[in-house]
Chemist: 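The structure that follows is given in the form of C-alpha cells.
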Amino acid sequence: MNATKVNKFEQFLDSKLIPIGNKVSKQRHLKAIRDGMVAATPLALLGGMTLIVTSPPVNLNTMQPTNFLFKFLIAWKEWAVEYGMQIELLQRASMGMMALFICMAIAHSLAKSYKMDPMGSMIISAVCFLIASAPSNLGVMASQITPNMTGEEVLANQSVLMPTSFLGAEGIFTAILLAIVTTEVTRFLKEKNIMIKMPDAVPAAVKASFASIIPLIVNAVGVFLLSLLVQKLSAGLLIPELIKTALQPLVVAVDSPFGIILISVVTQILWIVGLHGSSIVSGVVGAFELGNLTSNAELVTQGLVPEFIYTEPFRAFFMILGGAGATIALNILMLRSRAKQLKTLGRLAIVPSIFNINEPLIFGTPLVLNPTLAIPFILAQTVNGLLTYLIMYMDIIGKTFTYVPWTTPAPLGAALSTMDVKAFVWIIILIAVDLIIWYPFFKSYEKQLVLEEKAAEKVGA
C-alpha cells in the first residue's frame, strides 16, 4: 500500500469513523447500560462458580471407577446430585436475579451522569421493575403441600409469593428500558420542580428521601397502569413477555454467523481508529451476551442442554484469544521476530496476552491506524467465531453456560465455561489457525521495520 493510499485511508478514518465512534462511546445511555452490565459481573461470577461445582462433566451411566480421577469425578457427581438443589440457591440469588440488579445499576449510573440523586433513582427503578416483571400474588409453595392434604388445608398455607421468572435473563431488556425511562421521568420532574422540597437545615439524606416521593409515585403508578393495560390487550402477557417476543428476531440475529461477523468487524474497526471497540460494542450487544449466558445457565440447572451459542464467554475465550483481534498468535510470532522493536515488545507483552490483555500490542505495535495489519486484526477473531459457531452447532463441543473471568487464559476459560475438556484442545487448534492468518501480514510488516531499523543504524553511524 503506497503512501498516498495510506494518507487517504487515515483521512477517511479521521473525518468519518472516529467522530462517530467518539459520540457512541460518550452517549450517556449506552454508557449507563455498559456500567450496568459491568456491575453484574460479580453476580455472573458467583453464579458461574456455583454451576461449575454442581455440574461436573460426568455421565454416571458410562463412566466406570477404573482410576483415581474417575473415582473422584463420580464421587463429585454423586455429591452434586444430592446437594445440588441447595447449593444452587447461590446461583438463583445471583444470576437468577441479575435483571433486577442490572436495572438498579443502570439507573444509578444514568442518574450520576445527570448529577441527580443516584440512590433515589436506583430505588425507583427497582420498584418499577418488580411491579412490571414480578407481580406478587397469593399462592402456596410446593414444599408445603403433602399428598394427603385437603383443599382447605392447602389454602390455609397461602402466602404472598413473587414469581422470579423475569428477574433473570428474560427480564434484562425490560430492566434496561425501565431503568432509563424511570430515570428520565425523574429528571423531567426535577427540572419542572415537581417534587417535595425541604428546608436547607434538613440533613441531605432526608431531603433526598422526600424529593424522591413524587417521582416514585409517578413512576410506580405509571408502570402499574401500563402493566395492566399490556395484560388487558395481550391476553395476560406481562411487559417482559411482550418485550421478549418483540426482540426475538434480534436475539436470533445476534446468535448467528451473521451476528458474529457484524459484531467482530465493527469492534475491530473501532479499535483500528483508536477507540476501545470492545467497550463501545458491549454497550449495544452486552445485554444479548449476558442474557444468552444466563438463559443457558438456567437451562443447565433444569437438567436441559444450553440453547445459545453466542455469549460473553464465547467471545472472550473462543474469539479474542489473547485480546481483541486474537493477537496471541501475533505475540507468538513477535517472540522470534527479526525486527528488534517487535521482538522486544513481544517479550514484554506475552504475559499480559496469556491473560487476554493486549493493549501493549494494540498501541505498541501499533495496530491502531496500521493498514498493513488491519486485515488479520479483523479476520482472525472473526474466523475463530465462525469456526467455533460451527463446532458448537454440530455439538462437537458444548456451549458455554458458566461465567468465568475474561482474564482467565483462553484454553482454561473455554474448558470451564463449557465444562467440556474438548474445548481446551479446540483453543489450541484455533491459535494454530490464527498463526496462519497473521503470518504473511506479520512478515510484510516485519520487513518494513527491519528496513527502517537498518536505515536508522546507518544514520546513527
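Each residue takes its place number in the sequence, starting with 1. Bear in mind that the values here come from a model prediction, so they are computed numbers and not experimental data.
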Chemist: Could you tell me which non-hydrogen atom of A326 sits nearest to which non-hydrogen atom of N384, and how far apart they are?
Modeler: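 Scanning both residues, the minimum pair turns out to be CB-ND2, 3.5 Å.
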Chemist: Closest approach of G47 and Q91, non-hydrogen atoms and distance?
Modeler: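 Scanning both residues completely, I find the closest heavy atoms to be O-CG, 3.9 Å.
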Chemist: Nearest heavy-atom pair of V53 and W76: which atoms, and what distance?
Modeler: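 That would be O-NE1, 2.7 Å.
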Chemist: Rounded to the nearest 0.5 Å, what separates atom CG in L229 from atom OG in S234?
Modeler: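 Here the interatomic distance stands at 8.5 Å.
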Chemist: Output all residues satisfying side-chain contact (heavy atoms from CB on, under 4.5 Å) with Y83, sequence neighbours left out; order by chain, then residue number.
Modeler: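 In terms of side-chain contact (heavy atoms from CB on, under 4.5 Å), with neighbours along the sequence ignored, Y83 is linked to W79, Q86, I87.
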Chemist: Can you tell me if CD1 on I375 sees more than 12 non-hydrogen neighbours from other groups inside 6.0 Å?
Modeler: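 Not buried by this count: 12 neighbours or fewer within 6.0 Å.
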Chemist: Strictly distance-based, threshold 3.5 Å: is any side-chain N or O of N358 a donor or acceptor partner for the main-chain N or O of I328?
Modeler: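 Here the side-chain-to-backbone pair does not exist.
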Chemist: Can you tell me if CE on M85 sees more than 12 non-hydrogen neighbours from other groups inside 6.0 Å?
Modeler: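 No, CE of M85 has 12 or fewer neighbouring heavy atoms, counting only those of other groups under 6.0 Å.
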Chemist: Can S121 and T186 be counted as having a side-chain donor-acceptor contact under 3.5 angstrom?
Modeler: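 Distance-only check fails for S121 and T186.
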Chemist: Any side-chain to backbone donor/acceptor pair from Q381 onto G325? Under 3.5 Å, distance only.
Modeler: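 Between the backbone of G325 and the side chain of Q381 there is a qualifying donor-acceptor contact (under 3.5 Å).
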Chemist: Is any side-chain heavy atom of Y403 closer than 4.5 Å to a side-chain heavy atom of L43?
Modeler: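 No, too far: nothing below the 4.5 Å cut-off.
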Chemist: With no hydrogens and no angle check, is any side-chain donor or acceptor of D255 less than 3.5 Å from a backbone partner on Y310?
Modeler: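 Pair found, side chain donor or acceptor close to backbone of Y310.
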Chemist: Count the heavy atoms of every other residue, nucleotide or ligand shown that sit under 6.0 Å from CE of M49, and state whether that count exceeds 12.
Modeler: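 No, CE of M49 has 12 or fewer neighbouring heavy atoms, counting only those of other groups under 6.0 Å.
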Chemist: Determine whether I123 and S212 satisfy the following criterion, side-chain contact (heavy atoms from CB on, under 4.5 Å), listing intermediate values before the conclusion.
Modeler: CA-CA 9 Å; I123 292 172; S212 296; over 6 Å; no
Chemist: Just by modelled atom types, is the A415 backbone N or O under 3.5 Å from a matching donor or acceptor in the D420 side chain?
Modeler: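 Such a contact is absent between D420 side chain and A415 backbone.
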Chemist: Between S295 and G291 (side chain of the first, backbone of the second, donor and acceptor by atom type, cut-off under 3.5 Å), is there such a pair?
Modeler: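 Indeed, once roles are kept as given, a pair shorter than 3.5 Å links the two residues.
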Chemist: I'd like to know whether W426 forms a side-chain contact (heavy atoms from CB on, under 4.5 Å) with F318, so could you lay out the CA-CA distance, the side-chain angles of the two residues, the decisive distance to 0.1 Å, and finally the verdict.
Modeler: CA-CA 9 Å; W426 177 244; F318 292 94; 3.9 Å; yes
Chemist: Let's go through F166 and T174 carefully: what are the C-alpha distance in whole Å and the side-chain angles of both, what is the deciding distance for side-chain contact (heavy atoms from CB on, under 4.5 Å) to 0.1 Å, and is it a yes or a no?
Modeler: CA-CA 9 Å; F166 296 104; T174 304; over 6 Å; no
Chemist: Got M104 and F129 here, is their nearest side-chain heavy-atom distance under 4.5 Å?
Modeler: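 A side-chain contact under 4.5 Å is absent here.
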Chemist: Which residues pass the side-chain contact (heavy atoms from CB on, under 4.5 Å) test with L226, not counting sequence neighbours?
Modeler: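 With sequence neighbours excluded, L226 shows a side-chain contact (heavy atoms from CB on, under 4.5 Å) to V230, I239, given in chain and number order.
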Chemist: Are I320 and N356 close enough that some pair of their side-chain heavy atoms sits under 4.5 Å apart?
Modeler: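 No; the side chains remain at least 4.5 Å from each other.
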Chemist: How about CZ on F224, more than 12 heavy atoms from neighbouring residues, nucleotides or ligands closer than 6.0 Å, or not?
Modeler: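 Atom CZ in F224 is not crowded, with 12 or fewer foreign heavy atoms closer than 6.0 Å.
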Chemist: Should the heavy atoms of other residues, nucleotides or ligands under 6.0 Å from CE of M195 be counted, would the total exceed 12?
Modeler: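 Yes, CE of M195 has more than 12 neighbouring heavy atoms, counting only those of other groups under 6.0 Å.
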Chemist: Are F355 and W406 close enough that some pair of their side-chain heavy atoms sits under 4.5 Å apart?
Modeler: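 They are not in contact (no side-chain heavy atoms under 4.5 Å apart), so the answer is no.
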Chemist: Looking only at heavy atoms, which two atoms of A39 and A105 are closest? And how far apart?
Modeler: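 Heavy atoms only, the tightest pair is CB-CB, 3.7 Å.
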Chemist: Please find the pair of heavy atoms, one from V404 and one from S417, that lie closest to each other, and give the distance.
Modeler: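 V404 and S417 have their closest heavy atoms at CG2-N, 3.9 Å.
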Chemist: Can you list the steps and then say if L228 with K232 is a side-chain contact (heavy atoms from CB on, under 4.5 Å)?
Modeler: CA-CA 6 Å; L228 292 179; K232 180 70 174 179; over 6 Å; no
Chemist: Pick out which of I378, I362, T267 makes a side chain to side chain contact (heavy atoms under 4.5 Å, CB included) with I272.
Modeler: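 Of the listed residues I378, I362, T267, the side chain to side chain contact (heavy atoms under 4.5 Å, CB included) partner of I272 is I378.
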Chemist: If we ignore angles and hydrogens, is there a donor and acceptor under 3.5 Å between the side chains of S264 and T382?
Modeler: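 There is such a pair (donor and acceptor under 3.5 Å, judged by atom type) between the side chains of S264 and T382.
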Chemist: Would you name the heavy atoms of F377 and T327 that are closest together and state the gap between them?
Modeler: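 Answer, listing the atom of F377 first, then T327: CE1-CG2, 4.1 Å.
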Chemist: Can you tell me if D434 uses its side chain to pair, donor with acceptor, with the backbone of A329 under 3.5 Å?
Modeler: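 No: the side chain of D434 does not pair with the backbone of A329.
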Chemist: Under a 4.5 Å cut-off applied to non-hydrogen side-chain atoms, are V251 and F288 in contact?
Modeler: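 Side-chain contact under 4.5 Å: yes.
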Chemist: Report yes if the side chains of K399 and F314 come closer than 4.5 Å at any heavy-atom pair, otherwise no.
Modeler: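 Not touching, per the 4.5 Å side-chain cut-off.
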Chemist: Under 4.5 Å between any side-chain heavy atoms of K31 and D35, yes or no?
Modeler: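 In contact.
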Chemist: Under the 3.5 angstrom rule, does the side chain of R187 hit a backbone N or O of Y114 as a donor-acceptor pair?
Modeler: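 Absent.
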Chemist: Is the number of heavy atoms from other residues, nucleotides or ligands within 6.0 Å of NZ (K207) greater than 12?
Modeler: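 Yes, NZ of K207 has more than 12 neighbouring heavy atoms, counting only those of other groups under 6.0 Å.
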Chemist: Kindly compute the distance separating CG (L51) from CG (L90), expressed to the nearest 0.5 Å.
Modeler: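 Going from the CG atom of L51 to the CG atom of L90 covers 10.0 Å.
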Chemist: Compile the donor-acceptor pairs under 3.5 Å between side chains in residues 175-183 and protein atoms, sequence neighbours left out, one pair per line.
Modeler:
residue : atom : partner : partner atom : Å
T182    : OG1  : L178    : O            : 2.6
T182    : OG1  : A179    : O            : 3.4
T183    : OG1  : A179    : O            : 2.7

Chemist: Looking at T400, N296, T294, N292, which hits side-chain hydrogen bond (donor to acceptor under 3.5 Å, both in side chains) with T311?
Modeler: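 Only match with T311 under side-chain hydrogen bond (donor to acceptor under 3.5 Å, both in side chains): T400.
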Chemist: Salt bridge or not for K244 and E241, using N-O below 4.0 Å?
Modeler: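 So K244 does not pair with E241 through a salt bridge.
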Chemist: Are any of the side-chain heavy atoms of Q231 and L238 separated by less than 4.5 Å?
Modeler: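 SC-SC contact between Q231 and L238 confirmed.
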Chemist: Can you tell me if CZ on F363 sees more than 12 non-hydrogen neighbours from other groups inside 6.0 Å?
Modeler: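 More than 12 within 6.0 Å, yes.
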Chemist: So for atom NZ, which belongs to K77, do other residues, nucleotides or ligands contribute more than 12 heavy atoms lying within a distance under 6.0 Å?
Modeler: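 Counting other residues, nucleotides and ligands, NZ of K77 exceeds 12 neighbours.
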